Structure formats: structure tokens, C-alpha cells
Amino acid sequence: MLRSNLKMITMKKYIKNIAGILCCIMVISCNDYLDVQPEDKYLEDDVYNSEGGIETVLNGIYINMSDEDTYGGNMTMSTVEILGQQFNTIQSSHEFHDMGLYNYTESTVKSKFEAIWSDMFVNILNLNKFIEKMDGVSGVLSTEKSNILKGEAYALRAMMHFDVLRLFGPIYSNNPEGASIPYYTKAKTEIAPLESATSILTNVLQDLDLAEELLSEDPVREYGSAYIFTGDDDNDNDWENFYRFRNIRMNYYAVKALQARVNLYAGNTTEALIAAKGVIEEASQFFPWTPPVDIISAGGNPDRVFSSEILFAVQNIELYQRQYDFFGSSLTDYKILAPKESRLSDVFENNFNDYRFNSTWIVPTVGAKTYKTFYKFDDVEDATSNFRFMQPLIRMSEMYYIAAETEIDPLLALNYLNTVRYNRGLGELGSEADIESEILKEYKKEFYGEGQLFFYYKRKNMTSIPSANSETKNLTMGVDQYMVPLPDSETTYRTN
Amino acid sequence: MKKKFTTIRCGTLINQVPLILWIMKRTLILFILFFSISASAFSQKITINLGKVTLYEALKKIKSEAKVDFFYSDRELNVDRVVIVDYKNTDVVNIVSNLVGDKFNVQLTNDSIILITPVEPTPAQNTIIVKGVIKNELGELLPGVNIILKGTNYGTTSDIDGNYFANVDENSILVFSYVGYHTQEVQVKGRTNIDIVLKQNVKELEQVVITGIVQRNKESFTGTIKSVKGAELRAVGNLNVIQSLKTIDPSFIVFENNTLGSNPNVLPNIEVRGKTSISTSGLKDEFGANPNQPLFILDGFETDLRDIVDLDMNRVESITILKDASSTALYGAKAANGVVVVETVKPVAGELRVTYNSDFRIEMPDLSDYSLMNAEEKLEFERLSGRWTSIFAGVDHQFALDQQYNTILAEVKRGVDTYWLKQPLQIGTSLGHSLFASGGDETITYGVGLDYKKINGVMIGSDRANWGATVSLNYRKNKLNISNKLFVRGYEANESPYGAYSNFAYANPYYRMRDENGIITKFLDTDTNVSGYKDYNVVNPLYNATLNSIDKKNNVKIQNNLRAILTFSDQLRLQANLQLTKGVDTHVKFSPPEHSNFIDTNVFEKGSYTNVRTDNFSYKFNVMATYAAIFKEKNSFTANLRAEIEETDNKRLGIAAVGYPSGTNGNPAFSFSYKPNESPSTALSLYRRVNILGSINYSYDNIYLLDATYRLDGSTTFGNKERFSPFYSVGLGFNLHNALKIDKNVVQKLKLRGSIGSTGNQSFGNSLVTTSVYGFNDGLNIFGQGIMLQTLANENLKWQTTLDKSVGLESSLFNNRLNAEFNVFEKNTDPLVVVVDLPSSTGIYGYPINAGTLNTRGAEIDIRYSPIYNLENELVWSLGYTAIMYDSKYDGFSQTLQSLNENELSSNSLIRFRDGFRPDDIWAVPSLGIDPANGREVFLTKEGTTTYEFDSDNEKVMGNTTPDVEGVISSNLRIKNFSFGLNLRYRLGGDTFNYALYNKVENIDREQVTLNQDRRALYDRWQNVGDVTRFKSISLTSTTQISSRFIQKENILLGESINFAYEFRDSQWVEKLGLSRLRLSAYMNDIFRISTVKVERGIDYPFARAVSFSLNASF
């Protein structure tokens, strides 16, 4: 009896000790142990608590814009240009053959629009998240900086929705009230309804107004695109790297230019003219015409994109790879993007002195091509050139075209056109010139590889446009050609 | 006793009696171990053969041979006993020791005097050496059986192969006892060879349940488990444990991989008792596992499927499959799909024993399911499909087509008919060696194992080499037991340079493999002008294999398991385990610049090299206290309390280099550059988990049984608000055979048990985050790099929990001749974690939500009966039947999940999620067949009308891939040393979507017309008005929609395993080889397959039939 009691006592002691050890382990293994920070990812809250983090988020969106899916390919050099009949895709085995025929149900065509749509909205989601978080952070950034970054985000959101609308929306002049695309202003899983084109444009303009206000202190208005700040006051030090190179970031003038572009698309000619004129007046000092010497006699460093005139570009680190993939002279005929020789001559009205022609269109020395191919985005010898990797999205000349199109006084309008022509090495047009058709000709020459021509056709609802696959024939255009159907990834999951 | 000598016969030391007595006493104290022989370091070896002589003469002879003297007392040592003297190169002391028997100690002094002293004061008797093999009724060898000389405390144990040796008196009685078996007494009666078959003790049958965490008494445990011995696994096959396990347990289902066939480098897809999760891609992160795969435990620690598949089968001691909540709740958060617990062989004390196993396997590609067109048929098919009819106006194009057609026709007429299918194939062989040595004494035991296995797959160049080494040490003294196991293992795996096998099935038979010079050309045909098809460059599928491509995986893993057990008393035990694992995995891929992948690639990027290295390190530590006690004789109680922490750190780094000159070996130094604008790929993840577990087992009088488990799991989930999740189980059991006083000779066991509990599923890795996460995107600009949202948080996401219910009945009847087990189960996962795709305009992909439930119900049957059960003559014939039936259903799915349906539809996959439907349902539009008038398919609409138009809205469930019943019928026959086993798998009532009919008979678009197809595409398709056929018009190249026409009932009979084994025992030649045992086995795996459906199997890698052989030898 005594013995067993003793045993029980020692047993209890053991249990106590064991329980003690277990408790220790429990304490060690409490929440702290489980609080692991991932090494290859960043948690949302960690990102937004530093200036560097915030900058990296915004920059991520710019980098993604230069992706081939959107502004680094489909929206500039390839898909949208094919729709605008800029390149010959007659070969039935050509990657873009069905695209050139507007066969929107073909899987090769579908995949391109799928990519555009998805990637645009991924960017929009990121912008919305950025805007949402920027409203919440305080004390990390000065108000001035915060305003600029937010302004950029609002403007980008507007620009992307606008470009999606231009592509997937209705022909605005025909059917402004039809359901078009959704407009997302929140980073949520809630599905935004398909709104009318009018309503989308209202949203776009609203966002642009907001952006204009937030960007009113944009350093671009003081320093221009500012590769290096040259000012002598101490204030300059506040604007670090992240606020330089305003021409490869959404800036105040780009917002104004977008207002002009959007208003023109919406048919608000007065507003478009005001905005365009505003840019011309205020921004010309910072975005001067590119001197011909930089273009045609710069040796191995021709500025083929006319970089000084670009109001907004994205810096596309893969630009020269894309140049090879789309326009490389060693590509086979069923891969290369090149216009028919005679069509090219037509576009430039057989005037080969145009700076835009002789810098960009060259019969290649490499490969077996006997015709001129596109060199606008070819690399240059000087690796330190500031214009390398520039993927132009908005340029000064467009403001002149918009002003010319919206100006009621024909002489003033002609003057806008002639200003551009002069800076392209062309002679002045006489007063007898048909402004509208001259503007169209200019769009064709000016925006090769920049994805604007198709939208011009669509805005004007032109029922007949020249086919790129033929020397002479025209294509009949209508809703079926101009309006790209929403991709399957959208329609199959959409319940409303 | 025949004679009594009173004189003391002795050698030179006759006058030193006191000393001798002292020595005798000393030896009595020192030599406790009855059987062990202590030999002096100065001993020498002699060869001596005298035949039958008296011991006296023998000693005399040895004395002169070995120049030694003997000292013994003939009062104690019977020197007139006749002994057999036949020793070759044997130690003198051993010889003497053998001759005098084990009642005496033999000691060699420094003066070359051999002392023969009795170890106990009993009178000397006639001792003989008795040896034999100990087995159970199933013929399995029993290691570690206790053999005691009756009436004494002296005894020995059997070795790893069930062999024993004992020096005993010829009239003594040996007592054989072993846990779980009836103790058996055998009178020696002068026999020297006594083989023993121990009968299993029903009351103690498989007494211990190994759950990998706690040990439970089998009789009082309420969980549903299947316990399999290593020998049983090896009897079925010698490929890997997974392949054998599926034959033995009905609920362990290994799915056929129709794409990758018998590729030795592909991991199987396994489920135990059906699904608990939706297995869509995107659910798991890179380091996660299939969410329906069971959890694998190797020697007490979690491991991955790769390790289990690569595990040397000969090293497996036992495998236990834990199926229901009562057993799996011990593993809490990861146990929803069941747990497979593998224990490896432990070293056995005793003399050094060496076991060697060799496995040889031959695999033959099984092409019987392929039925492709020959050259003539193919060309005719193309003609009828309109390949040679121009779609353009004008004659130019038609003329060019005619020209090309005639060129090919001429080739066909010349007899060109290449059988591409056999080109990349070979007879696969694999050879494995496995060596295990163990020994030691009561305090320290050791084991060393080495294994190597080289597998050559049936596709040339596809191979795998596994190797491993183990060192186990076990120290046991008093209360402390420390054991350590060190594993080093690895593999090297190569993929075939021939690439996907489907390329060969698609290759046209009318092309020649080689050109007129006998060279394998890059293109079989090049023509970009006339065809009108994209990239009309027909690549020779053999061409890439002529290049020095590399696709190689290397892996090395070092693992150390340390365990310490402190036994305070019979009641209380404390145990701690620590595991450290370090693994490195490298995957190198090189494609030379000539490879057909690079036809259109920039010259700077022709040729590519990638190297991905994954490093992982993990530690796991747990401590457990076990308390066991019996109160008032009838109340038996066991309790465990356990805490565990673990951390796993995975790191992956990958680089890619491009641009190679031709003819290089792939060294990245020869490349032109990194892949332009790409950064090295990385993935880093750190998982941490903690858990605390409490479990009790209580039984009253071995009649009423109770198990209860509670586990609290915590794991790393970034910012998760619910870091900890609790799991529990309760099990009840009722031993009817103890409760009802049934005749013990009729009913040995009748047990009813049931359990309920909750388990979790965390195979998803860390991907299901509840906070938004950013990651770096590709590229950069002047402002540096950028990050983008990778995941948008779902703050309300909960872990999946499965409620598991199970009821079972176990019985053993008629002296164990009939064993039967029945189980029914239900698993209900609520909520499910489902990844949904939203409209792409939300910018959100793979958004995890909790939606719906998945309910799986089923039943298992396992019956074994022995019509012949004659143990005395070692004649046993047993029949076995296993079956599983189960059905899974979805419920509670809201509208959000609709999106998933559409997603799966567009990818042509057939898995749907709708309330009331099953995960394995096949959805299709009902078809009325082909209209004989025009060769078009007629569909049935929802409203019951007929239409030519396909509309996915008319889809219905037209079948289910889960069979009604599946199982194995087995027969095992043992006649003395010969055994024969047959295992046939049957699968009844499942439906299958016949992809061969769908993709290779129909649905052949304009581009695929140029590829070879199933013969039925030519013969069974509609051609003329009035043809009554199952397949649409041969000229239609439009997409065939998924309709009920392609769904077929599939009944299968599969020759899963046929095996023969012969064991050589008591054979002179075996002994002469120095072997104590030799066993030869032959197996045939998947040797035949009878199916009601004809479908191509093994699309990218063919299936194989296997014949294999094993050799098992012990020294």
C-alpha cells in the first residue's frame, strides 16, 4: 500500500515534468513561430509602408504595360496595326492572316484579343488596388508626391479603359448607347456591369479630370521630360529619380492630350480643341520637334521615333526583340510584318524625302528581302541614347491633327497640318487641300507601328478602307469588322 | 550415463585444481549468455575431418593438429559421446565448442590451453545442434522468435530470416514463443532439424497497430486499418510498394495514367476511399501535392510520394493504411485522404546476418491498343477527307496537289509502309540489388543497408537509377533506448530523347524513316507552297533523338532520424524524435540548336539550356508521453500526449541559357547568352507547422472499446486569422467474440467498430493566402523593377475540413480459415475550397472560395478463405476477394461555381461541379447517332426534339468514370517450398470517354488529316448516302463536339500479378554456397488486360507488360 502510494507520487512528479516540457514547447511554438514572412513575395501591408515599395508597385504597372500582350505589341505594333491594314498578311499560313480578314472567331485571332483584354484589366486591377491603398497611407509620402502618383494611376486607368473601349466597344458615332465594356474602379471580386459607351467615356473623362487636378504640380510643367534636373534651387533634390523622365510616365501633358483624344472620340470637338491647343501652347517648349539632323543624318543613332515630340511612351526593354519578332528581315514571308511595296509608296504619296520614310523604311541587307521593311523600332549604336526602348503612345503631332480636325477656321486648321508637314520635311499644303483627307494621310504616315490608324477608321466609321493584302482593292468595313467581340474568358463567366 | 569415470583425466595442469575451480567459478559469472562463444584473439583455424569418432578421440586429434592442450573434467564432460568431426578452416575454439556442446564454456588461454568448463552445475548430457526455420501459417518467416530451453532461462532468438540454431540436449524440450502467436513446445527427440510453423493467436493477432505516432493494441483499437507485411508486398511484385499495395487493399486506388503510361519517372495518382477535394490546377502552389493524395509516413515522419515510390521494397518491414477518423485524426490537418504508414526493417540482435536481394524485371511495350492505318489506308483516308482537293478556285493549286498526291502514291506502290510505333521502343529492363546486414547484442544493435536499382523504360533513353544507403544503430540499456537511422538516397532520371510517343502514332506510314543514304533527315517532307496548311514542314520524329538532347533529373537526400525513449516504468514512457532532412534536386534540360523546336528561332537563341535546382531542408521534432495502466484487472487504459513542431524550407533557382553552336554538349559556358530579358526563376517557401495531440484508448474487459483523439494544428498561412484548427475523433468498438460466449473453435474474432471524426487537408501548400501578395514581374525600366499583385486576398477563406464516419465488422472463423472484413464509410468535406475564375475583366484569376460540399460514401469488402489448410504437410490454398464501391456527390454549390463549369468546358475537360452530381461524371450532349442521309450527327435537345446543331446547354450526365465495383480476386497456393499467387483486378460498371474514338477517329481537323489516325477513321465513318455508321462523314473536318457517342461502358479484367516462388531449404548445394536461405521468385505484372472498350492507352508513353524475377539470399 505504502509502496504503491510512493509510486503514485513519483508518477505524478513525472507527469508534472512532462507537462512542463510540453508547455515549454507550446510556448515556443506559439504564434511567433508561425509568423513567417515569405521570401519571394511581398505582403500588401509591407509594400505600402515605404516610399520605395509604393514606387515599385506603380512601376510594376508601367513595366507590365510594355508587355507584348498590350502596349508592347498587340496595341501598338501588331494586332491593332493589322486591323488598320498596315501590313500585308496575304499568305494563308501567316500568323496574322485571319486577323487581316477580321475573322474574329478563329482561335489564333481570339487568343490575341484574349491577351489584350485580360492584361489590360490586370493592369486596371493593380491600379485600383494602388489607388485604394494610396488613399489609406499617410506619412509615407509627401502630399505632392502622393498626388502625382495617384494622378498617374487615375490617368492610366482612364487610358486603358478608353483603349479597351476603342477596340471592343461599338462604333461610337453609330451606337453610343449600346452595352460595351465594364468600368472598374475597385479592386474587388464584384463583377462590374457592361455599360454604354457614353457612360464609359464619361467615366474616362472624369478620371482624367481627377488626374489633371492631382498632376497640376507635375514637375513636367517646370522641367519638361527632365532627364537631369538642371534647376539650381534646393527643391530639386526632392524630385529624385522616380520623378524624372516624365515622358515615359503618365504626366500632366499626356493627361491633357488624352482629354483631347477622348473628347474627339466622343464627338466633343470643342473640348478636344481646347485640350489640344492647351498642350500645343504649354508643352511645345518641353517637347520640341525633333530636328532632321537627329533623324536622317545621325549615323548609327537615328532617332526614328522622333523622341523629343513624344508626350507619353512606355519604356519597353524588349523593344528590339519585338522588332526582330515582327519585322526582322530574316523572318519568312509568313511571319514578317511588312506592307506591299506599292501600298507603302501610296501612303507616302511617292515622296521619299519624308523624314518618316527614309529613316524607317529600308531594304534590308540581312536576309533575302527585296522589299522595304519596317525599321522604326530598330536598335541604335549608342547604347546610352535616351530614346532607346521608347514605345510611343501619345505624341505631340496628334495634338496638331486633333486641332486641325476640330478647328472651325480652315486656315488655322491648315496651319496646324502644315506645321507638322514642315517638321517632316514636306512642303506646305495649299488652301485648296481637303483637310479631312489630308489628316487621314498624315495618320497613316505618322503612326506606323503605334496602333492609332484603326481607331481613326473606326471613329470615322469609314465603310471602305484599302486592303493591305492587295495593291488596289478596298475592304468593306462595318460593325462586324470594327467591333471586336468580347473574349470568351469574359463572356463565359459573366452572368449579367 | 553409460560410464562413470572417477579418475581425473587431465592434461598438464593436473595439480592446480584450486585454480581450475576458481576459473570455473569465474566463467560461471562471466558467461551469462548461454549460446554465445567467447573466442580468444589468439585462436587459430584448422581443417579437420574425422567422421564419426568419440569426443575423446576428436579432442586428441585436435590437440595434435592445433598444438593445444585441453583441460576438462571427465566427470562433467562425456568424452565417450560420438561426435561428427568435419570442419573446414574453422576456429579451433569454435570446433571444440561445437563438439562439447553448449553446456560448456570453451576458453583458450595464453598458454595454448583450452579450458572446457561447464557453465552450469547440471550433469552433462548428450547435446546436439538443432536448427530450423520458423514461419507462420502464411509461410512468412518470423524473425525474433524466442526459443527457450524448457525449465531453464537459457534461450536464443531467430534471425531476420527466421532461422535459429541451438545447442541442446537431445531429449530437451524447446519452447517457441512470439508476440501474436501461440506458444509451441517441441520435444527435440534427437532431431537436428526442426522447422516450426507458429499458429497465430487470434486473441493477440497482429497485436500491435502501428500508426506511426502511437502504438495500439490491435484487439482494443477501433480504427479501420489495413496492415501489410513487407513479405506480402514482395509476394505481389517487385516494382515498388505502391504497385503492390493496390493489389492488396481495395480502397487504395492507383489510377491509370493514360497519357504517361509506364514511364518510370512519373508518379502515380493515388486515392484512398475516394476524393475529398476538387483537384483543379491552381489549387496548390509549387511545393504542394495532389489534394486527393493520402499522407505518407516513413518511419514516423511525413515524407513525399517520390520517396515512397523509390523506396527499396526489400527494406520494408510493414505498411499500414489508416482509413478512418479513429486512426487518421492522429494526423489532423493533413489526414483527410487517409494515411499510409511505412516502417522499415529494424536491425535484429544476434550474429552478423547478411541478406541479399536481387530483382530483375523485363518490360515489354503493350501496343495492342493501337490500331493505326497503314500507308495505303492513310493515303486513301486523306483523299476521302478532301486533303487533295483544292479549296481555292483555279486549277493551279489543284495541279500542285495532284502532283504531290501522285508522289506519295508512287511511294506507297513501291511498298513504303513505315511502322513508326516501334521505332522509339525497346524491351525495358530493370535490375536492382539490395544488401542488408545486421547484428549486435542486447545493448547495441546495428544495421547497414545498401541498395541500387536501375530501371530502363520501354522508350529508348528513358531510365531511372535509384540508390540508397542506411545505417541504423540502436542502443538499449535499462530505461533508455536510443536509436538513430541515417539515410542517404538519391536518383538520376532521364527522359527519352524521342519525346512524346504520340509523335510516332501521328507519323505517316508513307514516309521513309531514312533518306537514300540511310540518314535520318530532319524533315520527312517540306513544302510550303501547295498545301495551304500552316508550317507544312513534316518533322521526322526520329530526328530529335539523333541529337544530344538532355533531360535529366538528379536528386540526393540525406535524412537522419533520431529517437530516444525513456521508460520510467511499465506505465509511463517518454519519447522524443528528431528528424533532419536535406535534399537537393537538379533538373537539367538541353535542346541542341538543330532541334526541331528552333526552326523559326533567331540564330542567337537556337538551342536552349535550363538548369533548375531545388534545395530543401526540414526539421521535425516531437515529444510524446505515453501512460498505460490496467485498473481492477478489466480496465485497460492508454493515453498519449504529444507535441510537434516542424519547418520545411524549399528554395528553387533556375537559369536558362540560349544560343548554341551546333555540336556542343550543352555546357552553359558554350551558350551565347542568358535568355534575353529573362531573370533567373526562383521560388522560396517556408512552411512551419505545430501541433499538439492527445489521444486515449480505453477498453473494458476487452469487450467494450473506446478511442478518442484531439489534435490542434497550427500552420503558416500568411496573415491567416485562423492559424489553428482543431481536429478530433471518437471511436467505439465491441468485441462480440469476448462478450458472447461463442465457441472459440468456431469464432476466433467478431468485432464491431465505428468511428467519427474530423480531419483536414492542407496539401495546398501556402498558396491559399488570406492577404494580398505582390511579386516581382519580368523586365525593368529606368525606374527599376516593379511588382504586381499575385493574389487578391480572400480574407474569409477557411481550410477544408472533412467529417469522416466509418463502421466496420471484422471476423475470423473456423480456426482462422475464414477471415472477413466489411466496412462502410462516409466522408463529407464541408466547406470545399474551390478556385474560381471570374470574368477576366476583374483581373482576378484562380480566386479561392469556400463553396459547396463533397460527400463520398462507400463500402469495402475483404474476404479470405482457405479451402485447404494442412499445416503439417505445408499445404495451404487461400482465396481472396476484395471489393470497393463508392460514390461521391457535390452539394451546396452556389451560382459562383457556375464559372468553374464553363472553364472546364472550354478546356474540354469533363469534370463538372453541380449540386447533386459527381466529381467523375461525364457530361455530354445526348446523341442519336449519325444520319445515314448525310453523315451528320443528330443530337437530342432538352425538349426532346432532334437537331443537327450542337448546343452545350443540352448537356446531361451521360456516364460516370467511377466503376460500380472494383477489386481484386486472388488465389494463393503453397505446397511446401513452392508458392503460386494469382491476382486479377476487375473493374465493373464504370464509363469511359473514349478519346481514341473522339480524337483519332473523329474530330480530325484539316491539319490533323495530315497525321496518321486510327483505322476506324477510314473504315467506320460515313461515306455514302445510306451508310449506317457510328461516325460522321469522312469528309467533315469540323470540330466534333463531345456527345454521348463516345461514352462507353467499360468492364476490365486485368492480370495484375501472377507470381511463383520457390524456396531452397535443407539443400546441400545451398549450404555449400554458404547460404542459409535462398528464395527465387518470378512475377508477371499487368500481363493481360481484357476490356470492353478499345482505346489507345499510353498517349505520350506506352504501357508495358512486365515479367520480373527476384532472388533473395541470406548468409
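A, B, ... follow the sequence lines: proteins, then strands. Residue 1 opens every chain. Because the structure is predicted, anything quoted here is derived from the model rather than measured.
One finds a salt bridge joining A:E152 and A:R249 here, because a Lys/Arg side-chain nitrogen approaches an Asp/Glu carboxylate oxygen to under 4.0 Å.
Judged by the 6.0 Å and 45° rule, B:R689 forms a cation-pi pair with B:Y687. Figure legend: A:R244 and B:F783 shown without cation-pi pairing, the cationic atom not lying both under 6.0 angstrom from the six-membered ring centre and within 45 degrees of its axis.
Residues passing the ring-ring contact (aromatic ring centres under 6.0 Å, His included) test with B:F776, sequence neighbours excluded: A:Y42.
Contact tally against chain A (heavy-atom pairs below 4.5 Å) for B:G786, B:G843, B:S840, B:G775: the top residue is B:S840. Of the listed residues A:I317, A:V122, A:L486, the one with more heavy-atom pairs under 4.5 angstrom with chain B than any other is A:I317. The residue among A:N59, A:L331, A:L125, A:N64 with the most heavy atom pairs within less than 4.5 Å of chain B is A:N59.
Side-chain contact between B:L686 and B:T648 is absent, with no heavy atoms from C-beta onward closer than 4.5 Å.
For B:E605, the part lying near chain A is the side chain, with the backbone staying farther off; criterion is any non-hydrogen pair under 4.5 Å. Looking at A:S330, neither its backbone nor its side chain comes within 4.5 Å of chain B, counting heavy atoms on both sides. Of the atoms belonging to A:K186, not a single heavy atom falls under 4.5 Å from chain B. Only the side chain of A:V47 has a heavy atom closer than 4.5 Å to any heavy atom of chain B. Contact annotation for B:N781: both backbone and side-chain heavy atoms come within less than 4.5 Å of a heavy atom of chain A.
Heavy-atom neighbours of chain B within the stretch residues 321-328 of chain A, taken at a separation under 4.5 angstrom, comprise A:Q321, A:Y324.
Crowding of A:Y320 atom OH: a count of heavy atoms from other residues, nucleotides or ligands under 6.0 Å exceeding 12. Other residues, nucleotides and ligands contribute more than 12 heavy atoms inside 6.0 Å of the OH atom of B:Y619. More than 12 non-hydrogen atoms from other residues, nucleotides or ligands lie less than 6.0 angstrom from NZ of A:K133.
Side-chain N or O atoms of A:H94 include none that pairs as donor or acceptor with a backbone N or O of A:I90 at under 3.5 Å.
B:D713 and B:S725 form no side-chain donor-acceptor contact under 3.5 Å, judged by distance and modelled atom types alone.
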